[in-house]
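Reading through the structure tokens given below for one structure.
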Protein chains: 2
Amino acid sequence: MQFEVDAHRADRPAGRIRQQNEKLILEAAEQEFARHGFKGTSMQQVADRAGLPKANIHYYFNNKLGLYYAVLANIIDLWDSTFNELSADDDPAVVLPRYIATKIEFSRKYPQASRVFAMEILSGGPHLSQYFQQDYRDWFRSRAAVFEQWIAAGKMKAVDPAHLIFLLWGATQHYADFAVQIEAALGQQTLAPEVFDTATETLTEIILTGCGIRR
Amino acid sequence: MQFEVDAHRADRPAGRIRQQNEKLILEAAEQEFARHGFKGTSMQQVADRAGLPKANIHYYFNNKLGLYYAVLANIIDLWDSTFNELSADDDPAVVLPRYIATKIEFSRKYPQASRVFAMEILSGGPHLSQYFQQDYRDWFRSRAAVFEQWIAAGKMKAVDPAHLIFLLWGATQHYADFAVQIEAALGQQTLAPEVFDTATETLTEIILTGCGIRR
DNA sequence: GTCTATATGTGGATAGAC
DNA sequence: GTCTATCCACATATAGAC
């Protein structure tokens, strides 16, 4: 799962100042893109948040699309790393709880990243077309195959692997993407750490029991 | 759970032509807001999709915000109706599968509505502040109380009710909001009806077993 | 009720002084 | 490398003819 993007970034030597400013801009851009999506975000907003003149954003990233791709690439890198760790040799009773905990931890630590990705998908994923290629389907099938082997080995009940994966994704990312609604429901201004802990416990309990891994 | 909005809509008599055009505009607006969010959507796009001149949109809905509130209000009406049907007297083994099926059916029939709501939440919910008031928290607690009574009555295992609700929401809405990713993973251009059927079965099986309602 | 024309602001992007 | 000034396209919104 690669996501080529450097073509859109300005091609200049990478000095100290450059690295520092790029980081500043990328963080500001992630915030803005998470709230307003690609079309809804203005370069001026990004510049204001980064504390730099608008022209500097264009100096470091050729254009708005280049900036957006750079933000997306960071997120995808972050994403793919975890899910590839599951293997058929593992015991699902050990690695599934770990996976759920990791995903919830992502929602806690990088909510903005999760939201940028969610916004892009909601928009129809026009900037992820090369990411969602045949390769992606193959990758997904190989991940689903792990669950099939666990089922064949009697390590878990025969549930549809694809939909189990969607359940894992949907339930965990919900804590980042819908944080505002959860905050309103629980009457908290920002989600307390315990919320994420209880979420992990509850999800783990229900899913592992539901898949016949625990009883 | 009320969501007052008529103040933002143009206040004129409701003739036949008006009703027809308003419906046309609201449907077009829902499509556009679902893809680009509030800030990212232009009145021109809405007008083009509705097949009307831009000025007519302003004639029927005073301004962009009024149009957006009208779209949001439709969605919220649709939303609240289902979840209120769960009651402590019911048998969760009967009504929970029905609730899951209804929510998945919503994702199938009204994906755009789900996405407009998701976009709004991702944006920080600035236009739902009056909806996410104290009332909302009280409403949520009363819904969670139903699960607590089921637990007290020995009808299900003691899982955290709030997080069970978030699981139900997150897992079901995922099929509308992340349809593009699911399509890519399954190698389908648009999700086949069987996908939603299998989703319902799999979710029902895992969650009911996970909650000790089935074994 | 409908639609053209337009007023006024903000969008992305760049030229060019420093 | 940095930032002001500016170009031009497009945004929301409205005036006013029909």
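Naming convention: chains lettered A, B, ... in sequence-line order (proteins, then strands); numbering from 1 in each chain. Only this structure's heavy atoms are used, side chains among them; waters, hydrogens and symmetry mates stay out.
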The contact string for nucleotides 2-9 of chain D, one letter per nucleotide 5' to 3', using protein heavy atoms under 4.0 Å with B, S and - for base, sugar-phosphate only and none, comes out as BBB-----

Can you run down the side chain to side chain donor-acceptor pair (under 3.5 Å) pairs that involve residues 181-201 of chain A, sequence neighbours left out, and say none if there aren't any? A:Q181-B:Y136

Heavy-atom pair with the smallest gap, counting every atom of A:N56 and A:I25: O-CD1, 4.5 Å

Run the ring pair (Phe, Tyr, Trp, His ring centres under 6.0 Å) test against A:F106 and tell me which residues pass, sequence neighbours left out. A:Y110

What's the verdict on ring pair (Phe, Tyr, Trp, His ring centres under 6.0 Å) for A:H163 and A:F147, showing C-alpha distance, side-chain angles and the deciding distance? CA-CA 11 Å; A:H163 290 284; A:F147 290 88; over 10 Å; no

Measuring from the side chain of B:H58 (C-beta onward, heavy atoms only), which nucleotide among C:dA13, C:dG12, D:dT12 has the closest atom? D:dT12

Whole-Å distance separating the CZ atom of B:R18 from the C1' atom of C:dG1: 10 Å

Pairs where residues 28-37 of chain A contributes a residue and the test side chain to side chain donor-acceptor pair (under 3.5 Å) is met, not counting sequence neighbours: A:E32-A:R49

Validation row, ring centre A:F117 to ring centre A:Y131 under 6.0 Å: no

Suppose we screen for side-chain contact (heavy atoms from CB on, under 4.5 Å). Which residues come up paired with A:S129, at least two apart in sequence or across chains? none

To the nearest angstrom, the NZ-C1' distance between A:K64 and C:dT14 comes to 17 Å

Using whole Å, report how far CG of B:D48 lies from P of D:dC10. 12 Å

Validation row: A:F178, B:L122 side chains within 4.5 angstrom (heavy atoms): no

Sub-3.5 Å pairs of nitrogen or oxygen atoms, protein against nucleotides 16-18 of chain C:
none

Measure from NE2 on B:H36 to C1' on C:dG11 and round the result to the nearest Å. 16 Å

Report the distance from atom CZ of B:F61 to atom P of D:dA13, rounded to the nearest whole Å. 14 Å

Length of the line joining B:Q44:CD and C:dT4:C1', which is rounded to integer Å: 12 Å

Which whole-number value in Å describes the distance from A:M43 CE to C:dT10 C1'? 15 Å

Separation of D:dA11 P from A:K39 NZ (nearest whole Å): 7 Å

Report the relative orientation of the aromatic rings in B:F83 and B:W139; use parallel for angles under 30°, tilted for 30 to 60°, perpendicular for over 60°. perpendicular

